[in-house]
Amino acid sequence: MMRFVLSTLLVALSPLVTSGIFSDQANEFDFALHTAGGAPTLADFDATSLYGVSSQGHVSARSLSTGDVIWRTQINNINSNNNSNSPSISIAIAIALHHPTSTLYSIDGSTIAAWDSSHGHNIFSSPFPFPSPPHPSPPQIVASDNFVVASVGPSLSVLSPKTFTTQCTFTTPDSSPILALSLSSSNLLTLSHSSSKTTTLDPLTCEKAEAKATSKPLPNGPSTTSSGHTFSLANNFLTISTPTASSTYELVDAVEEPAHFFPFVANDDKTFHLLVQTKSEKSFLYSSKLNGKSDNVLKAAWTTEESLASVLSVLFFDELEGANGDGGANAASSSIPSFGERMQMQLASLTSLTSNKKEIDNAAMFGLNKRAAVLTSTKFFILHLSASGEELVKFSKPLQPNTNNKIIKVGGQQVVLLSSDDDTGDVTASYIAIGTGDEIAAPQTTQIKSGVHKTFPLSLSAETTLLLLHSNNDQITLVPNSDSAIKAFVDYASVTPVFTHKIDEAGVTTFKVDATRELAKGVFPTVNVGEVSFGESENVVSTQYPEVESIQSPAVVLGDDSLLLKYLNPHVCVVVTKTDSSTLEGLENSGVSDNYNNFRRNLAASNKKPLGAGSDINTTQRGGGSGGGDVQATPSSVLYINLIDTVSSRLLHRIVLADAISLQEGNLPVVITENWVVYAYFNNKTKRQEIGSLSLYEGMLDKHGITAFKSPEQETSFSSFDAPKPIVLSKVFAYPKSIVGLGVSKTRNGITGKMILMSLTSDQVVGIDRRMLEPRRPFAAPKDEEKMEGLSQYQPILPFFPQSVVSYTQVVAGAVGLSCVETNLESQSLVLAWGGPDLFFSRLTPSGSFDLLPSSFNKPILVLGMAGILVLVKVAQTMGSKKQLRAMWA
């Protein structure tokens, strides 16, 4: 009895002593990290801000005091009519410090522009004449109150700062390119030539003049000058020299080798700022007084990881899983606590009321904190993803230059960083513990002369995961290649066949690993299983594989209780190929491609008219078949969506998209979830964004197909060789915003409805219910059975709801990757947006917070109710005892 009373009392008091997870706390589990768009290749300062230009074409301003990004813009966004013959973006900047509102001037491959340095707004811009062919030397620019000077190659132009009209021009006598421009204190121009010559000009007339003062060159290199002070950096020691004195500073934080540094001396000549940029794109900002001493030690005022602007891939790990790098042996269980564990936590909460012990971290207990292994173009990171966003970078490691890198999850707490050098053929695998960033064992190096085409993990048991490296000569190399690992692989492959595949411009080829023959230690040959060939005119744009996820049901229950069986093939792959307009015209003129002519006839035969089209065209049409009609104009491009089984090498389905383009070069947004495929493209004919949705099914069972006395014949395991091709349903929708990335939510058991996430060119992340993209949405008003399924009438244009913006007011630019991970709460999913200059982490509730308490939950009423129940139980117990006693005496 006492045990029951104690348990009930703890349950009654629990709302008062536990900081629960409430449904309206979703907004608190967000954070955004804004970078400058990459490592600055050029930088300049004013009194409060640091202005930088990245190699990716972003101009940004950071606060000198905090390092926060004040604003950021992309220079090539201001000129939508860039000439394809223009050189690649090469930017120089200068800032006019004497204006009441400082103005930032920039020049790229085709445009010169002026920016409001306070907010980053483009004041005005103008085309700038570039030589043809493009000159290899980068453009240069300097500015003052009265003029802007820009140069490309050997030519220089002096422009008006308000209208960009040309005031005068100059060309070097020997046509040598201008490598640097500088402006002296007396407003004279100094030109540095590639022929090691220096020329001084009067910017008002562009005539030669005598130098009267020391000029201020653009900061770069091992030694540079700012306001008469010479800065030299070597071995993390900074020396600042003047004609009369010098100071030495030890930079204690910059442990990596610097690639660039940019100094700035304030107008009072007493304070300086120094931006140090490492080769791995980490920035350090130092600020100090000029004191003429030689024993100064400087710590960075702030640091930034600019390489996070070029994230290539992301892997998630549970925060508690292997937190000590021990494989998770000492980690807390990731499951929902039992009643006994809950009672222990309530006791701990009660104890914390009278002590200074920290409360239980509910966010960690419910799996809302994660670790992420992140690979960028120059670095490997382990990130701590939590609500606060504090201590984001737990570990970082610069990558070796000129190597191809990949990260692979092995086990629950380890990640493998795989680096391959195409020149030497060396492939190095480093096993890293997610909890600490330490290497679990010495890196293992294997030599593959032909190069690695594909790498995939093979889990043999809970303790053993091998890496299979598919080389370009179609051999498989095991990592690790120890005797025990080889034996385990051979034993596994003798029972379960191991397949791999290769995707190139010719098509998709699948192979079976022949584990009976070992060519060298840990090296096995492969046997060709089959091949899917693309047309000679097609180029591979991107590929997409399904992710591991929980599937709640293998069938869809229809409104009349019949079942649609989902086509759940773990080996399906989406390969997007493309044929450009020039190739299409060549094929049409030659008349040698029957497939192409059939495709053109299919376009002409369709009578579907998309919204906004003035003629009968079909923007989404399957290949094959025959038809007639007038031949239309050659499409601007053609995209092909190919669904391929990577084990049997069968083409499951193919879609042809005429006049379709991808807004991201080399990547078409595609996502695969359960039996769904969703892709997004821009229709260049109708000038609108379109979303295609496919659902794949094996077949159908009527409502009497499964009874106590009747069951259909079904295979217990899936075989890519025996399974028939899926039944494919499809629909196409128009969307009012342009899409650059797609993702899908994931939950613990797959019960919660799916949310399709979209990254937009408007720098937003949007989520829509997957049912909005259901291919089975009826064209007419839905019937009662269809309403029971939640199907609505098909509308070709999907609306944009501001409430669907997952990123709220945060700017999330160019997020081509939207990675989701489940939590310990079925209603919750976490998303990380990456791939652009911003990282965004948020918590999603696709079907609402059905397993969370709202913040308005009435805790006192619950306590009073439980206390009342306790009183009633005690009263009933007393009355029952008395009644029993009277009955015994009667």
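No side-chain donor-acceptor contact under 3.5 Å links Ser151 and Gln140. Side-chain polar atoms of Thr66 and Asp68 form a donor-acceptor pair below 3.5 angstrom. Under 3.5 Å, the side chains of Glu690 and Tyr681 contain a donor-acceptor pair of N or O atoms. Side-chain atoms of Ser662 and Gln664 form no donor-acceptor pair, as typed in the model, at a separation below 3.5 Å. Judged by distance alone, the side chains of Thr103 and Trp115 never bring a donor and an acceptor atom under 3.5 Å apart.
Within the 3.5 Å criterion, the main-chain N or O of Ala660 finds a donor-acceptor partner in the side chain of Ser637. Between the Asn122 side chain and the Gly120 main chain, no donor and acceptor come within less than 3.5 Å of each other. Side chain of Ser807 to backbone of Val765: a donor-acceptor contact under 3.5 angstrom is found. At distances below 3.5 Å, at least one donor-acceptor pair connects side-chain atoms of Gln689 with backbone N or O atoms of Ile739. Between the Asp838 side chain and the Ala813 main chain, a donor and an acceptor come within less than 3.5 Å of each other. Using a distance-only test at 3.5 Å, with no hydrogens or angles considered, a donor-acceptor pair links the side chain of Ser759 to the main chain of Ala815. The main-chain N or O of Gly37 is found under 3.5 Å from a side-chain atom of Thr35 such that the two form a donor-acceptor pair. Looking at Ser49, its side chain never comes within 3.5 Å of a backbone N or O of Asp46 through a donor-acceptor pair.
Rounding to the nearest 0.5 angstrom, the gap separating the CG atom in Leu189 from the SG atom in Cys206 is 8.0 Å. Taking CG from Leu383 and CZ from Phe395, the interatomic distance works out to 12.0 Å, rounded to the nearest 0.5 Å. Rounding to the nearest 0.5 Å gives a distance of 7.5 Å between OG1 of Thr761 and NZ of Lys737. The OG1 atom of Thr239 sits 8.5 Å away from atom CG of Leu233, with the distance rounded to the nearest 0.5 Å. Residue Thr378 holds its OG1 atom at 4.0 Å from CD of Glu281, rounded to the nearest 0.5 Å. Atoms CG and NZ, from Leu385 and Lys394 in turn, are 11.0 Å apart once rounded to the nearest 0.5 Å.
Trp834 and Leu818 make their closest contact through NE1-N, 4.2 Å (heavy atoms, listed as atom of the first residue, atom of the second, distance). The two atoms that bring Ser310 and Ser377 nearest to each other are OG-OG, 2.9 Å, heavy atoms only. Taking each heavy atom of Ile112 and Ala150 in turn, the nearest pair found is CD1-CB, 4.1 Å. What you find for Ala43 and Leu50 is that their closest heavy atoms are CB-CD1, 4.0 Å. Taking each heavy atom of Trp302 and Ser65 in turn, the nearest pair found is CD1-O, 3.9 Å. The heavy-atom pair separating Ser118 from Trp71 by the smallest distance is O-CD1, 3.5 Å.
Under the 4.5 Å side-chain criterion, counting only non-hydrogen atoms from C-beta, Glu306 is not in contact with Leu308. Using a 4.5 Å cut-off on side-chain heavy atoms (C-beta onward), Leu275 and Ser283 make contact. Residues His273 and Leu64 meet the side-chain proximity criterion, which asks for heavy atoms closer than 4.5 Å. In this structure the side chain of Leu274 reaches within 4.5 angstrom of the side chain of Phe261, judged on heavy atoms. In this structure, Val149 and Leu156 have side chains that are in contact, with non-hydrogen atoms separated by less than 4.5 Å. Residues Leu201 and Leu188 form no side-chain contact, since every pair of their non-hydrogen atoms from C-beta on lies 4.5 Å or further apart. For the pair Val805 and Phe800, the minimum side-chain heavy-atom distance is below 4.5 Å. At least one side-chain heavy atom of His34 sits less than 4.5 Å from a side-chain heavy atom of Gln810.
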### Query
Yes or no on side-chain contact (heavy atoms from CB on, under 4.5 Å) for Tyr808 and Gln764, after CA distance, side-chain angles and deciding distance?
CA-CA 8 Å; Tyr808 308 102; Gln764 296 171 305; over 6 Å; no

### Message
Apply side-chain contact (heavy atoms from CB on, under 4.5 Å) to residues Leu399 and Leu375 and explain how you reach the verdict.
### Response
CA-CA 9 Å; Leu399 303 176; Leu375 182 69; 3.8 Å; yes

### Task
Apply the test side-chain contact (heavy atoms from CB on, under 4.5 Å) to residues Val374 and Phe380: give CA-CA distance (whole Å), side-chain angles for both, the deciding distance (0.1 Å), then the verdict.
CA-CA 6 Å; Val374 176; Phe380 167 74; over 6 Å; no

### Task
Tell me, with the steps shown, if Ser144 and Asn146 meet side-chain hydrogen bond (donor to acceptor under 3.5 Å, both in side chains).
CA-CA 6 Å; Ser144 72; Asn146 301 318; 5.3 Å; no

### Message
Pair Val158, Thr166 - check side-chain contact (heavy atoms from CB on, under 4.5 Å), show working.
### Response
CA-CA 6 Å; Val158 179; Thr166 303; over 6 Å; no

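Annotation: Phe272 is in aromatic contact with Tyr249 [ring centroid separation under 6.0 Å]. Taking the six-membered ring where the residue is Trp, the centroids of Phe164 and Phe124 are separated by under 6.0 Å.
Relative ring orientation between Phe45 and Phe264 is described as parallel, the plane-to-plane angle staying below 30° on a 0-90° scale split at 30° and 60°.
Counted within 6.0 Å of NZ on Lys279, heavy atoms from surrounding residues, nucleotides or ligands total 12 or fewer; the atom is thus considered open.
By the salt bridge (charged side-chain N to carboxylate O under 4.0 Å, His left out) test, Glu305 is found to be paired with Lys282, Lys379, residues two or more places apart in sequence or in another chain being considered.
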